[in-house]
Amino acid sequence: MDESKEKLTDQEQVRQEKLASLKAKGIELYPYKFAKTHFLDEIVALYGLKSREELENEKIRVKVAGRIMTIRRMGRATFFHIANSQAKLQAYLREDVVGLESYRLFDLFDIGDLIGLEGTLFRTKTGELTVLIEKFELLAKCFHPLPEKWHGLQDVETRYRRRYLDLIMNPEVAKIFVLRSRMISLIRKFFDDRGYLEVETPMMQPIPGGAAARPFKTYHNALGIDLYLRIAPELYLKRLVVGGLEKVYEINRNFRNEGISSEHNPEFTMLEFYEAYCDYYDLMELTEELLVYLCQNLLGRDEIFYGDELISFKRPFARIKFKEALLQFSGLSPSRFEQPSEVISLAKNFSPEKGAITYGKALDIIFDKCVKPHLLQPTFVLNPPREISPLAKASRDNPEEAERFELIIAGMEIANAFTELNDPVDQRARFEQQAEARKSGDEEAHWLDLDYLNALEYGLPPTGGEGIGIDRLTMLLANRRSIREVILFPLLRPK
RNA sequence: GGCCCGUUAGCUCAACUGGUAGAGCAGCGGACUCUUAAUCCGCGGGUUGGAGGUUCGAGUCCUCCACGGGUCACCA
């Protein structure tokens with residue numbers, strides 16, 4: 001005990017002494033419950049607009065709890081604010097109301113403590129809704145001083161490592177996560193209303209499939225097998241479509257063993273949905289509908305600011321072919337575009353550390369560098385090379401292109417969708433091609449999944465499938481530049 | 001992983017070319033019964049991220065390390 005005891009700061013020492021005093025007075029330090037009549041935000045919602053006269057006449061008695069955030073002691077009366085992540089409320093403690101002994105007890109309370117109050121609502125001279133306290137009780141002591149009341153907690157590292165402190169101090173942070181939660185609820189409603197079935201597919205997979213990415217590896221002791229955290233649910237969801245679940249969606253985590261950046265967290269949340277008998281044109285319609293629906297319901301409009309940029313979700317979204325976008329933004333002439341060696345050497349300029357790359361891969365690199373950053377308004381980029389889209393059908397117009405689109409907004413890839421490849425013979429050939437790429441060192445190449453091929457051999461109906469990055473969508477709607485601002489506990493190196 | 005920037009009191013931030021490390025908030029003591037960044041008087045609080053080095057003297061300069069941010073690379 002002595003050895004593990006951390007050194008207390010002077011302020012922490014004071015708080016421990018206050019705790020001891022409370023205990024000595026027989027105060028219950030950690031009561032089992034508090035019979036509140038309302039949550040804080042309910043009080044603000046219900047009574048926040050009542051006039052002084054209404055409050056005076058109605059004598060509304062409440063029991064409410066929260067964390068003490070500020071204290072203004074003025075001799076025989078004290079004002080303080082209590083708050084939770086949603087709301088705050090002022091409280092007024094008077095010696096002549098609660099009595100001297102009780103009033104003195106409050107000297108042992110600090111900013112940060114959790115407190116339960118009982119009293120009546122009134123409005124102060126300046127018009128603020130306030131509880132006139134008749135009784136109060138400690139609900140939990142806070143052992144540490146809180147960050148500064150005016151600037152909040154600024155240090156980003158501490159904000160991410162101790163998100164609870166961030167949430168306590170910075171109300172706008174809580175708003176982001178409320179928005180995120182409401183967005184996910186709306187997505188569920190959107191798909192449920194359209195007859196989709198929400199499903200859960202394996203997070204631990206013997207063959208990690210459905211995306212080009214490096215997986216995390218783990219081991220199952222009893223079975224004695226390697227397993228991989230999923231990089232995508234795609235191949236399982238399509239098995240379900242084979243099984244006759246013709247409209248399915250899943251909102252869950254994917255794991256990719258790759259770098260961390262302002263747009264990448266190793267675990268991230270993905271919406272994937274599949275609808276039988278649809279193609280990617282149908283998906284574009286559905287995607288527009290979904291985004292407008294979310295934007296309208298969350299923000300009440302169809303335009304948002306992302307940084308300085310006004311993003312419009314007015315339908316229809318722009319559509320541009322992958323090839324045309326490249327010609328427009330990369331400076332490649334149509335004749336050079338057709339020359340694989342030219343394209344590959346240009347790509348190598350952007351990505352010198354990359355090993356041998358193919359024509360399709362090179363086009364993709366150039367797209368990322370030259371095109372994506374320019375696409376700020378919602379834009380469907382259609383028909384990337386088939387070679388880099390091994391799970392998508394070839395375009396009905398051009399066999400070298402995939403029937404696939406990526407939705408780019410604010411330079412970020414938000415969605416990726418295709419008319420699913422349902423020809424098992426073609427799919428086998430594509431897997432074999434990927435296996436070749438894997439052999440020549442491409443660690444992100446797709447794995448051969450024989451059971452998935454077997455499922456296709458039973459017949460996957462024509463199907464459209466799409467993935468939407470929930471974190472990035474939240475970034476967009478919450479106007480945040482870093483994915484860490486929309487993930488409660490982003491991955492950091494342990495300290 | 002490369003490059004750039006950051007790390008100072010519990011928190012938010014200062015400290016010119018190297019010369020005794022400061023302020024506000026928070027805390028402690030006192031005054032104060034409508035305050036709200038309460039106010040007024042007084043007080044305490046630091047291994048300047050860590051380890052070396054240069055120097056009479058290092059928060060400041062150099063090297064290495066740790067963590068974070070940005071950017072490029074890798075990657076959706």
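Chain letters run A, B, ... following the sequence lines, proteins first, then strands; residues in each count from 1. Keep in mind that what you see is a predicted model, and the values were worked out from it rather than measured.
Separation of the F80(A) and F106(A) ring centroids falls under the 6.0 Å cut-off.
Going from the C1' atom of U20(B) to that of G57(B) covers 11 Å, rounded to whole Å. Using atom P as the reference point in both G69(B) and U8(B), the two lie 16 Å apart (nearest Å). Across A73(B) and C3(B), the matching P atoms stand 16 Å from one another, rounded to whole Å. When the P atom is used for both A26(B) and U39(B), the distance is 8 Å, rounded to whole Å. Spacing between C67(B) and G30(B) at atom P, rounded to whole Å, works out to 46 Å. The C1' atoms of C56(B) and A51(B) are separated by 23 Å, rounded to the nearest whole Å. Taking the C1' atoms as reference points, A21(B) lies 10 Å from A9(B), given to the whole Å. Here, G24(B) and C16(B) have their C1' atoms 22 Å apart, quoted to the whole Å.
Comparing atom distances between the A77(A) side chain and each of G70(B), A26(B), U33(B) picks out U33(B) as nearest. Taking only side-chain atoms of Y92(A), from C-beta outward, the nucleotide of C11(B), A26(B), C34(B) with the closest atom is C34(B). Of the candidates C75(B), C28(B), A38(B), the closest approach to any side-chain atom of K18(A) belongs to C28(B). Taking the side chain of Q154(A) as heavy atoms from C-beta on, and the options U33(B), C28(B), C13(B), the nearest nucleotide is C13(B).
Summarising the base pairing, A23(B) is matched to U12(B) through a Watson-Crick or G-U wobble pair whose two defining distances lie under 3.5 Å. Shown here, A31(B) forms a base pair with U39(B); the pair counts as Watson-Crick or G-U wobble because both key distances fall under 3.5 Å. Pair assignment for G45(B): none, as no Watson-Crick or G-U wobble contacts are both less than 3.5 Å. Across all strands shown, C5(B) is found opposite G68(B) as a Watson-Crick or G-U wobble partner, with both distances under 3.5 Å. With a 3.5 Å ceiling on both atom-pair distances, the Watson-Crick or G-U wobble partner of C61(B) is G53(B).
No contact: G469(A) has no heavy atom under 4.0 Å from any strand. Using a 4.0 Å heavy-atom distance criterion, Y103(A) is classed as making no nucleic acid contact. Among the protein residues, A213(A) comes within range of the sugar-phosphate backbone only, with heavy atoms under 4.0 Å from sugar or phosphate atoms but none that close to a base.
The salt bridge (Lys or Arg N to Asp or Glu O under 4.0 Å) search around R253(A) returns E267(A), not counting sequence neighbours. Applying the salt bridge (Lys or Arg N to Asp or Glu O under 4.0 Å) rule to D226(A) yields the partners K217(A); only residues at least two apart in sequence or on another chain are considered. A search for side-chain contact (heavy atoms from CB on, under 4.5 Å) contacts involving K149(A) returns T70(A), not counting sequence neighbours. Residues forming a side-chain contact (heavy atoms from CB on, under 4.5 Å) with H151(A) (at least two apart in sequence, or on another chain): E148(A), Q154(A). Here R180(A) pairs with D471(A) under the salt bridge (Lys or Arg N to Asp or Glu O under 4.0 Å) rule; sequence neighbours left out. A search for salt bridge (Lys or Arg N to Asp or Glu O under 4.0 Å) contacts involving D10(A) returns nothing, not counting sequence neighbours. Applying the side-chain contact (heavy atoms from CB on, under 4.5 Å) criterion to C370(A), with sequence neighbours excluded, gives S330(A), F350(A), I366(A). Under the side-chain contact (heavy atoms from CB on, under 4.5 Å) criterion, E436(A) pairs with K439(A), not counting sequence neighbours.
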- Item | Pair T419(A)-R404(A), side-chain contact (heavy atoms from CB on, under 4.5 Å): steps then yes or no | CA-CA 6 Å; T419(A) 306; R404(A) 168 183 178 187; over 6 Å; no
- Task: Let me see the working for E137(A) and I115(A) under side-chain contact (heavy atoms from CB on, under 4.5 Å), right down to the final yes or no.
- Result: CA-CA 6 Å; E137(A) 63 177 289; I115(A) 190 172; over 6 Å; no
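Distance K348(A) NZ to A73(B) P: 15 Å, rounded to the nearest Å. Atoms CZ (R480(A)) and P (G70(B)) sit 14 Å apart, rounded to a whole Å. If you measure from atom CZ of F80(A) to atom P of U33(B), you get 18 Å, rounded to the nearest angstrom. As rounded to whole Å, 13 Å separates atom C1' of U71(B) from atom CD of E263(A). When the C1' atom of U71(B) is taken as reference, atom NZ of K369(A) falls 11 Å away, rounded to whole Å. In this structure, E444(A) atom CD and A73(B) atom C1' are separated by 13 Å, rounded to whole Å. One can place CG of D110(A) at 11 Å from C1' of C28(B), the figure rounded to the nearest angstrom. In this structure, D155(A) atom CG and U7(B) atom P are separated by 11 Å, rounded to whole Å.
The only member of Y281(A), F418(A), F405(A) that meets ring pair (Phe, Tyr, Trp, His ring centres under 6.0 Å) when paired with F380(A) is F405(A).
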Sub-3.5 Å pairs of nitrogen or oxygen atoms, protein against nucleotides 44-46 of chain B:
from: G44(B); atom 1: N2; to: D10(A); atom 2: OD2; distance (Å): 3.0

Scan nucleotides 65-69 of chain B against the protein and return all N/O pairs shorter than 3.5 Å with their distances rounded to 0.1 Å.
from: C67(B); atom 1: OP1; to: R493(A); atom 2: NE; distance (Å): 3.1
from: C67(B); atom 1: O3'; to: R161(A); atom 2: NH2; distance (Å): 2.8
from: C67(B); atom 1: O2'; to: E157(A); atom 2: OE1; distance (Å): 3.2
from: C67(B); atom 1: O2'; to: E157(A); atom 2: OE2; distance (Å): 2.1
from: C67(B); atom 1: O2'; to: R161(A); atom 2: NH2; distance (Å): 3.2
from: G68(B); atom 1: OP1; to: R493(A); atom 2: N; distance (Å): 2.9
from: G68(B); atom 1: O4'; to: E157(A); atom 2: OE1; distance (Å): 3.0
from: G69(B); atom 1: OP1; to: R484(A); atom 2: NE; distance (Å): 3.3
from: G69(B); atom 1: OP1; to: R484(A); atom 2: NH1; distance (Å): 3.4

Heteroatom pairs (N/O) under 3.5 angstrom, protein to nucleotides 22-25 of chain B:
from: C25(B); atom 1: O3'; to: K149(A); atom 2: NZ; distance (Å): 3.4

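Residue whose closest nucleotide on RNA chain B sits further toward the 5' end, between I111(A) and F79(A): I111(A). Between G127(A) and L153(A), the residue anchored closer to the 5' end of RNA chain B is L153(A), taking for each the nucleotide with the nearest heavy atom.
For the pair R230(A) and P233(A), the tightest heavy-atom approach, listed with the atom from each and the gap, is NH1-CB, 3.5 Å.
Evaluation of atom-type donor-acceptor distances gives no pair under 3.5 Å for the side chain of E128(A) against the base of U35(B).
For residues 41-69 of chain A, the ring-ring contact (aromatic ring centres under 6.0 Å, His included) pairs, not counting sequence neighbours, are H38(A)-Y47(A).
Phosphate proximity of A38(B) to R72(A): present, with a side-chain N or O under 4.0 Å from OP1 or OP2.
Residues K393(A) and E403(A) are not paired through a salt bridge, judged by the lack of any N-O separation under 4.0 Å between the basic side chain and the carboxylate.
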